[in-house]
*Asks:* 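To start, I am sharing the structure in question, which I have written as structure tokens.
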Amino acid sequence: MNKYLKLAKVNTNYAKHMNRLSNRIFGEVTRTVNSKSMKVVKLFSEKPLQKRPEIVDYYPRHYETNELMKHLRNYGLFRNEHEDFKEEFERLREFRGKKKWIPPPFRK
């Protein structure tokens, strides 16, 4: 391995060709490029966003989060203003005598 590293640093045509071949085999840049071109190479070497499982297969746990927030609200540790508004509106309707009509359960 040490001999190969020494041989790779030699500036002969053979060493240059072998370095380029090695870089092509291992998917590296074959010739030296500037930093802008390296940025493009890096972008193209990454997996596209639509094929990355950490992005495509991510679904937040809506059901569990909703249940947790309901429990926290019952304990008084979370304030859900929309639910507070709905409860207050329902309380005021009941106070005026206009409670929402709920149909009786269907019987056969």
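Note that the structure is a prediction, hence the values are computed from the model and not measured.
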*Asks:* Could you check whether atom CD of E88 has more than 12 heavy atoms from other residues, nucleotides or ligands sitting under 6.0 Å from it?
*Replies:*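 It does: E88 CD has more than 12 such atoms within range.
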
*Asks:* Kindly indicate, with the supporting measurements, whether the criterion salt bridge (Lys or Arg N to Asp or Glu O under 4.0 Å) is fulfilled by R52 and D57.
*Replies:* CA-CA 8 Å; R52 289 173 50 189; D57 298 335; over 6 Å; no

*Asks:* Go through the structure and list residues passing side chain to side chain contact (heavy atoms under 4.5 Å, CB included) with K39, not counting sequence neighbours.
*Replies:*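 Scan of K39 (side chain to side chain contact (heavy atoms under 4.5 Å, CB included), adjacent residues dropped) gives none.
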
*Asks:* Are L92 and F85 in one and the same hydrophobic cluster, where Ile, Leu, Val, Met, Phe, Trp and Tyr link if side-chain heavy atoms are under 4.5 Å apart?
*Replies:*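 No; tracing contacts between hydrophobic side chains, which count when under 4.5 Å, never links both residues.
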
*Asks:* Is the CZ atom of R79 crowded by more than 12 outside heavy atoms at less than 6.0 Å?
*Replies:*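 Check fails, neighbour count at 12 or below.
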
*Asks:* Pairing donors with acceptors under 3.5 angstrom, does anything connect the side chains of N19 and S22?
*Replies:*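 Judged by distance alone, the side chains do not pair up.
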
*Asks:* Do the side chain of R93 and the main chain of K98 share a donor and acceptor less than 3.5 angstrom apart?
*Replies:*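 Checking the backbone N and O of K98 against the side chain of R93, a donor-acceptor pair under 3.5 Å is found.
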
*Asks:* From E94 CD over to K100 NZ, what is the distance, rounded to the nearest 0.5 angstrom?
*Replies:*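 Between E94 CD and K100 NZ, I get 13.5 Å after rounding to 0.5 Å.
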
*Asks:* Can you tell me how far CG of N80 sits from CG of L72, rounded to the nearest 0.5 angstrom?
*Replies:*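 Reported value, rounded in 0.5 Å steps: 11.0 Å.
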
*Asks:* Atom CE of M18 and atom CZ of R20: how far apart are they, to the nearest 0.5 Å?
*Replies:*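 So the CE of M18 and the CZ of R20 are separated by 11.0 Å.
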
*Asks:* Within this structure, what is the OG-CE distance for the pair S45 and M38, rounded to the nearest 0.5 Å?
*Replies:*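 The CE atom of M38 is 8.0 Å from OG of S45, to the nearest 0.5 Å.
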
*Asks:* Could you check if a side-chain atom of Y63 sits within less than 4.5 angstrom of a side-chain atom of E67, using non-hydrogen atoms only?
*Replies:*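 Yes; the side chains approach each other to less than 4.5 Å.
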
*Asks:* Do D84 and R73 pass the side-chain contact (heavy atoms from CB on, under 4.5 Å) test, and can you show the C-alpha distance, the side-chain angles, and the key distance before you say yes or no?
*Replies:* CA-CA 10 Å; D84 293 345; R73 184 170 179 265; 2.6 Å; yes

*Asks:* Roughly how far, to the nearest 0.5 Å, is CD1 of I55 from NZ of K47?
*Replies:*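 Rounded to the nearest 0.5 Å, the NZ-CD1 separation comes out at 11.0 Å.
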
*Asks:* Roughly how far apart are F78 CZ and E83 CD, rounded to 0.5 Å?
*Replies:*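 One gets 9.5 Å once the value is rounded to the nearest 0.5 Å.
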
*Asks:* Is L49 reachable from L43 through a run of I, L, V, M, F, W or Y residues, each pair having side-chain heavy atoms under 4.5 Å apart?
*Replies:*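 Hydrophobic grouping puts L43 apart from L49.
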
